[in-house]
Amino acid sequence: MSHRQLIITLFTFLLFSSVFMVAAQDGDEPLTVGFAQVGSESAWRIAFTNATLEEAERRGINLLFVDADNSQDNQITALRSFVEQGVDAIILAPIVETGWDQVLQEVHDAGIPLVIVDRNVTADPSLYITRVASDFVHEGRLAAAWLAAETSGNCNIIELQGTAGSSAARDRQAGFNEVMALFPNMHIIISQNGEFLRDEGRRVMRAILQTEDMSVICALWAHNDDMAIGAIEAMKEFGIVPGRDILTVSVDAIPDIFGAMLDGEANATVELSPYMAAPSFDAIETYLAGSEVPAQIPVLGELYEPDTAAEEYAARTQSN
Ligand code: GYE
């Protein structure tokens with residue numbers, strides 16, 4: 001081999017090996033994903049967080065997790081921190097719908113793909129690649145339809161609302177009211193905010209029980225199970241038998257609501273799956289691979305009653 005051929009061969013080898021190393025590094029580099037979570041306000045939220053951490057670990061994703069302690073300001077700070085760190089993608093579980101336009105524009109301008117998960121935002125949908133969520137309106141409709149069937153359309157209801165300004169509270173209420181309007185003898189006679197919190201559900205229900213005539217109340221409709229559990233505890237303090245004197249219907253399908261069903265103290269729950277991480281990570285990986293991602297990725301749930309509470313409780317306490 002001539003001196004010239006040797007140099008060309010050596011140069012070609014070095015070129016390909018450097019390209020290969022870059023490719024290998026790109027291929028092996030774990031994704032870094034920032035996740036701005038609402039907080040840990042309910043058992044469902046904690047289950048959702050745990051499932052997301054487990055899914056990230058299973059996939060070898062480097063997840064930068066921020067629990068915003070129910071503060072939008074903390075979530076916005078977290079998003080800006082993720083941008084500064086140059087993460088590969090961001091997942092946002094927005095606490096409320098409004099107030100995101102500026103920071104989502106910053107994320108978009110940084111070229112970082114964003115997934116909205118669970119509750120919705122009013123910001124321009126072009127600022128995020130998809131939203132992974134259940135249908136909150138449908139959950140409200142299911143709850144009202146069950147109650148109408150259970151009471152033959154005759155029921156005075158106490159409603160415990162979720163976080164004001166959240167799409168979950170607004171849409172669950174809208175869905176419930178849409179069905180209730182079909183039944184002239186179904187009325188929500190008291191509606192108060194329990195912030196999706198168990199302690200607030202208990203506190204608000206105690207106050208209602210102290211001032212209102214409960215003999216006319218037929219059911220409690222709570223936007224999540226945690227508030228229903230708190231209200232159930234308050235009912236028992238006042239000698240009311242929850243699940244019998246006052247029926248309960250709520251949303252999330254957390255283990256404790258099935259435990260209450262087994263005690264005869266709760267009657268129905270609509271499931272909200274905590275497993276939203278896999279479709280979120282799939283969407284990010286699909287997008288980064290240069291493929292199309294659907295604008296909405298639905299997560300479905302169904303209504304559960306006491307007849308399946310034993311197996312649901314066992315299944316959900318084992319998996320968490
Ligand atoms: O029902 C509740 C949590 O955003 C739909 O938030 C979610 C709700 C869920 O606090 O437990």
Side-chain angles (χ1 to χ4, degrees), residues 35-52 66-72 74-75 91-100 115-122 131-144 159-176 192-204 220-232 248-260 266 268-277 279-280 296-304 316 320:
F35 177 28
Q37 176 61 296
V38 166
S40 50
E41 76 283 0
S42 70
W44 175 84
R45 183 71 56 187
I46 292 166
F48 170 29
T49 292
N50 292 340
T52 302
V66 172
D67 175 331
D69 193 23
N70 258 10
S71 155
Q72 181 177 32
N74 290 349
Q75 288 194 302
I91 298 174
L92 169 64
I95 177 171
V96 293
E97 269 196 311
T98 56
W100 300 102
V115 172
I116 299 296
V117 64
D118 186 38
R119 302 176 192 174
N120 205 355
V121 296
T122 54
R131 175 172 172 239
V132 178
S134 67
D135 181 340
F136 301 135
V137 174
H138 178 67
E139 293 162 351
R141 290 183 185 130
L142 272 182
E159 178 184 37
L160 292 180
Q161 301 170 29
T163 302
S166 71
S167 60
R170 185 204 55 215
D171 289 350
R172 283 175 181 167
Q173 184 177 62
F176 190 96
Q192 293 194 15
N193 186 351
E195 294 292 348
F196 285 128
L197 299 171
R198 192 170 299 199
D199 289 349
E200 271 302 286
R202 184 187 310 111
R203 184 190 66 76
V204 170
L220 167 75
W221 152 231
H223 292 182
N224 81 334
D225 293 341
D226 278 78
M227 293 189 290
I229 299 281
I232 286 166
T248 74
V249 58
S250 49
V251 188
D252 282 351
I254 63 171
D256 282 356
I257 203 68
F258 292 108
T269 184
V270 178
E271 179 181 36
L272 173 65
S273 170
Y275 303 106
M276 299 193 191
S280 299
Q296 298 286 336
I297 300 174
V299 174
L300 306 177
E302 56 187 271
L303 184 137
Y304 292 88
R316 295 162 193 268
N320 281 354

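Read the numbers this way: they start at 1 and go in the same order the structure lists the ligands and their atoms.
- A salt bridge does not link R45 with D226: every distance from a Lys NZ or Arg NE/NH1/NH2 to an Asp or Glu carboxylate oxygen is 4.0 Å or more.
- Judged by the shortest distance from any of its heavy atoms, V251 lies outside the 4.0 Å radius around the atoms of ligand 1.
- Contact annotation for R172 and ligand 1: only side-chain heavy atoms (C-beta onward) come within less than 4.0 Å of the ligand.
- The main-chain N or O of V251 is found under 3.5 Å from a side-chain atom of D225 such that the two form a donor-acceptor pair.
- Residue D118 places a heavy atom less than 4.0 Å from ligand 1.
- Heavy-atom contacts of A168 reach the following atoms of ligand 1: 5 (C) (cutoff under 4.0 Å).
- Counting only distance, with no hydrogens or angles, the side chain of Q173 and the backbone of H223 share no donor-acceptor pair below 3.5 Å.
- Heavy-atom proximity to F136, at under 4.0 Å, picks out these atoms of ligand 1: 5 (C).
- Residue nearest to atom 9 (C) of ligand 1, selected from D252, D171, V117, I254: D252 (by heavy-atom distance).
- Nearest protein neighbour of atom 6 (O) of ligand 1, counting heavy atoms only, is R119 NH2, 2.8 Å.
- Looking at ligand 1, you won't find any N or O of D226 less than 3.5 Å from one of its N or O atoms.
- Remark: the backbone N or O of V115 is not paired with any side-chain donor or acceptor of R131 at under 3.5 angstrom.
- When each atom of ligand 1 is checked for a heavy atom of F196 under 4.0 Å away, the hits are 2 (C), 10 (O).
- For the pair W44 and ligand 1, the shortest N or O to N or O distance does not fall below 3.5 Å.
- In this structure, the side chain of D252 does not engage the main chain of L272 through any donor-acceptor pair within 3.5 Å.
- Only side-chain heavy atoms of L272 come within less than 4.0 Å of ligand 1; its backbone N, CA, C and O stay farther off.
- With hydrogens and angles disregarded, no donor-acceptor distance shorter than 3.5 Å links the side chain of D256 to the backbone of G259.
- In this structure, S71 contributes its side chain and N74 its backbone to a donor-acceptor pair below 3.5 Å.
- Side-chain atoms of Q75 come within 3.5 Å of backbone N or O of I95 as a donor-acceptor pair.
- Using the six-membered ring where Trp is involved, W221 and F176 have ring planes that are parallel, under 30° apart on the 30 and 60° scheme.
- Each of the atoms 2 (C), 3 (C), 10 (O), 11 (O) of ligand 1 lies under 4.0 Å from some heavy atom of S42.
- The single protein non-hydrogen atom nearest to atom 10 (O) of ligand 1 is E41 OE2, 2.5 Å, given as residue, atom name and distance.
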